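This one's a predicted model, so the numbers in the text were calculated from it and none came from an experiment.
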Amino acid sequence: MLPAALLVLIGCALLRISLLSELYLRYVKEGLRPLLIASGVILALLGLMAAIRVRRHGGEEATDHGHTHSAAGPKTAWLLGLPAVMLLLFAPPALGSYTVARDGSGAVAKRTTFPALPERSPLALSLTDFTSRAVWDEKGSLRGRTVRLTGFVTPQSADAWQLSRVIVSCCAADARVVKVEVHGIAAPPGDSWVTVTGKWRPDAKAPALDATGLDRIPQPKNPYRDAVRP
C-alpha cells in the first residue's frame, strides 16, 4: 500500500500547485502547466489503481523468480513523500534577494541592434532591456531619458541598493539574475516589489539608475517573467 499512497500523494501535490493554484510559476515557466496537470492526474490514478489491486489481494506477498516481495514496499520510501507533503501544506516563496546577493555573475544579455525607443516619458522598460542598452548600445539610447523599472529590492550598501529580477527559461534551476544599481532613494525592505523612476547613470561600472521616484507594488503573479509593468 505504501507505493500506492506515495503515488497519490505526489499526484495531489502536483495538482495543488498547477491546477488549483499558480504556485507552479515559482518552479517552472507558464507553458509547462498542462504537462504538470497531466502528470498529477496520471500519478494519482496510478496510485488509486495500485491501491485497489493491493486491497483485492489482501496485501499478500508476491513471489517473483523465487524472491518474496511485500506489497507494502520498503519503509524508507516514505522519505520520497516529504517533498510532496511540503508542497501540499506550505507555499515556498519565489527566489529573491538571497539568490541575487549570492549571484556573482553580473551577466548582461548581449545585443547588437536596438529598436528606437518610444517618445513617452517616463518610459517603462524591462530590466533586461535596460541593462542591455546600458552596456551594449553604442548610440546611448538611454541617455537623458526618464525610465520606469520594476523589480524587487536587494540591499547592497549605504549608498546604493539593487533593483533585481530572477528570470527563468525553463525552470528555477536555470534561473539567471538581472540587476540595476539604484542611487538617490533609500532602499525599502529587502524583497519588496517596487517600481522605480529615474535616469540612467552612464558613468557607472554596472547598469545604474539615479532614482527620482519609487512606488511599492504587490508581487507579480509570475515573479520570474521580466515584463514591462504598464
Side-chain angles (χ1 to χ4, degrees), residues 25-26 29-30 93-170 172 174-230:
L25 291 173
R26 299 182 181 182
K29 64 180 183 180
E30 291 176 288
L95 299 177
S97 60
Y98 181 88
T99 301
V100 175
R102 284 152 184 79
D103 178 85
S105 63
V108 176
K110 185 174 182 178
R111 291 166 56 184
T112 56
T113 59
F114 295 89
L117 293 173
E119 293 299 325
R120 61 179 176 271
S121 183
L123 175 64
L125 292 175
S126 67
L127 284 191
T128 300
D129 193 15
F130 179 87
T131 55
S132 294
R133 289 177 182 271
V135 174
W136 299 108
D137 187 5
E138 297 179 353
K139 296 181 179 180
S141 58
L142 294 176
R143 192 176 299 275
R145 298 296 305 271
T146 300
V147 298
R148 188 171 69 237
L149 308 175
T150 296
F152 59 84
V153 176
T154 301
Q156 184 179 20
S157 67
D159 299 326
W161 50 278
Q162 292 176 335
L163 184 68
S164 312
R165 297 297 292 258
V166 176
I167 304 172
V168 302
S169 299
C170 179
D174 63 20
R176 63 183 179 89
V177 171
V178 181
K179 50 193 176 184
V180 174
E181 284 189 357
V182 179
H183 301 262
I185 288 184
D191 290 311
S192 302
W193 280 84
V194 297
T195 294
V196 182
T197 303
K199 292 186 177 182
W200 172 46
R201 175 180 282 199
D203 57 345
K205 295 181 179 179
L209 190 76
D210 286 318
T212 57
L214 181 148
D215 295 312
R216 296 279 294 271
I217 63 170
Q219 177 178 294
K221 180 182 72 173
N222 184 353
Y224 298 144
R225 181 170 175 263
D226 188 18
V228 175
R229 185 170 181 264

CZ/R216 to OG/S192 distance, rounded to the nearest 0.5 angstrom? 3.5 Å
Less than 4.5 Å apart, any side-chain heavy atom of K179 and any of V100? yes
Using every non-hydrogen atom in the two residues, find where G198 and L209 come nearest and quote the distance to one decimal. C-CD1, 3.6 Å
T197 side chain to R148 side chain, donor-acceptor N/O pair below 3.5 angstrom: no
Might you point out which heavy atoms bring V135 and P207 nearest each other, and give the distance in Å? CG2-CG, 3.8 Å
Strictly by modelled atom types, are D215 and T195 linked by a side-chain donor-acceptor pair under 3.5 Å? no
Please check: side-chain N/O of R165 versus main-chain N/O of L127, any donor-acceptor pairing under 3.5 Å? no
Side chains of T113 and W136: does their closest heavy-atom pair fall under 4.5 Å? no
One should read off an interatomic distance between S164 OG and D226 CG, to the nearest 0.5 angstrom, of 11.0 Å
Between NZ on residue K199 and OG1 on residue T146, distance to nearest 0.5 Å: 4.5 Å
Which heavy-atom pair separates A208 from W200 by the least distance, and what is that distance? O-CD1, 3.5 Å
What closest approach, in Å, do S141 and L117 show between heavy atoms, and which atom pair accounts for it? O-CD1, 3.6 Å
Here the pair of heavy atoms bringing L125 nearest to F130 is CD1-CD1, 4.3 Å
Which side chain to side chain donor-acceptor pair (under 3.5 Å) pairs, counting each pair once, include a residue from residues 205-214, with sequence neighbours left out? R201-D210
Indicate yes or no for a side-chain donor-acceptor contact from T131 to the backbone of T128 under 3.5 Å, with no hydrogens or angles considered. yes
Test side-chain contact (heavy atoms from CB on, under 4.5 Å) on V194 and I217; report intermediate values, then the result. CA-CA 5 Å; V194 297; I217 63 170; 5.6 Å; no
For P218 and W193, the nearest pair of non-hydrogen atoms, with its separation, is O-CB, 4.0 Å
All salt bridge (charged side-chain N to carboxylate O under 4.0 Å, His left out) counterparts of K139, not counting sequence neighbours: none
Which distance, rounded to the nearest 0.5 Å, do you find between the CG of L149 and the CG of D129? 9.5 Å
